[in-house]
Amino acid sequence: QVQLEESGGGLLQVGDSLRLSCAASGRTFSNYFMGWFRQASGKEREFVAAINWNGDSIYADSVKGRFTISRDNAKNTVYLQMNSVKFEDTAVYYCALPYHTPPGWRSGDWGQGTQVTVSS
């Protein structure tokens with residue numbers, strides 16, 4: 001059984017930085033993308049970023065240039081470095097094992113989520 005455990009959420013101000021972490025267990029993840037989604041209050045969950053075993057990454061346009069996803073394969077851990085955060089980055093961030101199916105990214109495995117709140 002896959003387990004995804006996020007950490008690192010919190011309260012920050014516009015322009016601040018924050019790093020989220022997600023430790024995965026229960027499976028060999030070498031053939032999987034690891035990544036992040038987020039869900040703001042009253043909105044649908046949306047794709048944020050994903051990274052494969054080799055470090056190739058992809059981002060949602062809304063975070064490109066501000067967020068960086070990275071991965072430690074030895075630790076089965078994925079990180080999301082959030083820089084220059086904006087008010088609209090406020091959401092619950094979910095660790096996931098995303099896969100691409102048109103028209104976008106989905107996941108069948110989720111962490112419990114970690115709240116990120118950006119105040120102006």
Side-chain angles (χ1 to χ4, degrees):
Q1 182 177 358
V2 173
Q3 289 188 321
L4 302 170
E5 184 172 355
E6 304 99 336
S7 61
L11 176 64
L12 54 163
Q13 295 185 327
V14 171
D16 283 352
S17 297
L18 186 70
R19 189 176 82 157
L20 305 181
S21 301
C22 172
S25 61
R27 180 184 293 174
T28 299
F29 295 95
S30 57
N31 294 326
Y32 289 84
F33 277 89
M34 298 182 75
W36 297 89
F37 288 69
R38 68 185 181 185
Q39 187 168 19
S41 180
K43 296 187 177 181
E44 293 187 354
R45 194 170 299 187
E46 65 175 4
F47 171 79
V48 175
I51 186 169
N52 69 4
W53 180 264
N54 295 321
D56 301 318
S57 57
I58 187 166
Y59 298 91
D61 288 343
S62 58
V63 306
K64 201 174 295 182
R66 300 187 298 118
F67 291 9
T68 301
I69 190 170
S70 60
R71 177 172 177 164
D72 186 334
N73 292 327
K75 296 181 178 179
N76 282 337
T77 300
V78 62
Y79 306 96
L80 185 68
Q81 178 67 42
M82 306 168 59
N83 296 332
S84 302
V85 296
K86 302 177 180 181
F87 178 75
E88 51 264 40
D89 293 323
T90 296
V92 177
Y93 283 72
Y94 294 92
C95 182
L97 301 181
Y99 58 90
H100 189 264
T101 182
W105 290 83
R106 300 182 182 182
S107 179
D109 298 284
W110 302 97
Q112 80 284 357
T114 186
Q115 177 70 47
V116 174
T117 302
V118 182
S119 63
S120 57

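Residues take their numbers from the sequence shown, with the count starting at 1.
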Notebook entry, point to check: Heavy-atom count around Phe47 CZ within 6.0 Å, excluding the residue itself: above 12?
Noted result: yes
Next item on the list: Of all the heavy-atom pairs spanning Ile69 and Gly35, show the shortest one and how long it is.
Entry: CD1-CA, 3.9 Å
Notebook entry, point to check: How many angstroms lie between CD in Gln1 and CG in Asp109, if you round to the nearest 0.5 Å?
Noted result: 9.0 Å
Next item on the list: Enumerate the residue pairs fulfilling salt bridge (charged side-chain N to carboxylate O under 4.0 Å, His left out) with a member in residues 51-60, sequence neighbours excluded, ordered by first and then second residue.
Entry: none
Next item on the list: Can you run down the side-chain hydrogen bond (donor to acceptor under 3.5 Å, both in side chains) pairs that involve residues 92-108, sequence neighbours left out, and say none if there aren't any?
Entry: Arg38-Tyr93
Next item on the list: Dump the intermediate steps for side-chain hydrogen bond (donor to acceptor under 3.5 Å, both in side chains) on Ser7 and Glu5, then the final yes or no.
Entry: CA-CA 7 Å; Ser7 61; Glu5 184 172 355; over 6 Å; no
Check: Rounded to the nearest 0.5 Å, how far apart are CZ of Arg45 and CZ of Phe37?
Finding: 8.5 Å
Next item on the list: Please confirm whether the backbone N or O of Ile51 pairs with a side-chain atom of Arg71, one donor and one acceptor, at under 3.5 Å?
Entry: yes
Next item on the list: Before giving the answer on side chain to side chain contact (heavy atoms under 4.5 Å, CB included), spell out for Cys95 and Trp110 the whole-Å C-alpha distance, their side-chain angles and the decisive distance to 0.1 Å.
Entry: CA-CA 6 Å; Cys95 182; Trp110 302 97; over 6 Å; no
Notebook entry, point to check: So do Leu97 and Leu4 actually touch side chain to side chain, heavy atoms under 4.5 Å?
Noted result: yes
Item checked: Worked verdict on Asp72 versus Tyr79 for side chain to side chain contact (heavy atoms under 4.5 Å, CB included) -> CA-CA 8 Å; Asp72 186 334; Tyr79 306 96; 4.1 Å; yes
Item checked: Test item: Trp36 and Val78 side chains (from C-beta on) under 4.5 Å apart, heavy atoms -> yes
Check: Considering residues at least two apart in sequence or located in another chain, which fulfil the ring pair (Phe, Tyr, Trp, His ring centres under 6.0 Å) criterion with Trp53?
Finding: none
Do any side-chain atoms of residues 10-23 form donor-acceptor pairs under 3.5 angstrom with protein atoms, and if so which ones, sequence neighbours left out?
| unit_1 | atom_1 | unit_2 | atom_2 | d |
| --- | --- | --- | --- | --- |
| Asp16 | OD2 | Gln13 | N | 2.9 |
| Ser17 | OG | Asn83 | OD1 | 3.0 |

Next item on the list: Would you check if the side chain of Thr90 reaches a backbone N or O of Glu88 as a donor-acceptor pair within less than 3.5 Å?
Entry: no
Checklist line | Which residues share a side-chain contact (heavy atoms from CB on, under 4.5 Å) with Lys43, sequence neighbours left out | finding: Ala40
Check: Is it true that the side chains of Thr117 and Gln115 contain a donor and an acceptor less than 3.5 Å apart?
Finding: yes
Next item on the list: Starting at CE of Met34, measure out to OG of Ser70 and round the result to the nearest 0.5 Å.
Entry: 10.5 Å
Notebook entry, point to check: Does Met82 belong to the same Ile/Leu/Val/Met/Phe/Trp/Tyr cluster as Ile58, with side-chain heavy atoms less than 4.5 Å apart forming each link?
Noted result: no
Margin query: Do Arg66 and Tyr59 pair up side chain to side chain, a donor and an acceptor below 3.5 Å, judged on atom types alone?
Written below: no
Item checked: Verdict with reasoning, Glu6 to Gln112, per side-chain hydrogen bond (donor to acceptor under 3.5 Å, both in side chains) -> CA-CA 7 Å; Glu6 304 99 336; Gln112 80 284 357; 3.3 Å; yes
Item checked: Closest approach of Phe33 to Pro98 (non-hydrogen atoms, all atoms of both residues) -> CB-O, 3.4 Å
Item checked: side-chain contact (heavy atoms from CB on, under 4.5 Å) partners for Ser25, two or more places apart -> Gln3
Next item on the list: Test salt bridge (Lys or Arg N to Asp or Glu O under 4.0 Å) on Asp61 and Lys64 and set out the steps.
Entry: CA-CA 5 Å; Asp61 288 343; Lys64 201 174 295 182; 3.1 Å; yes
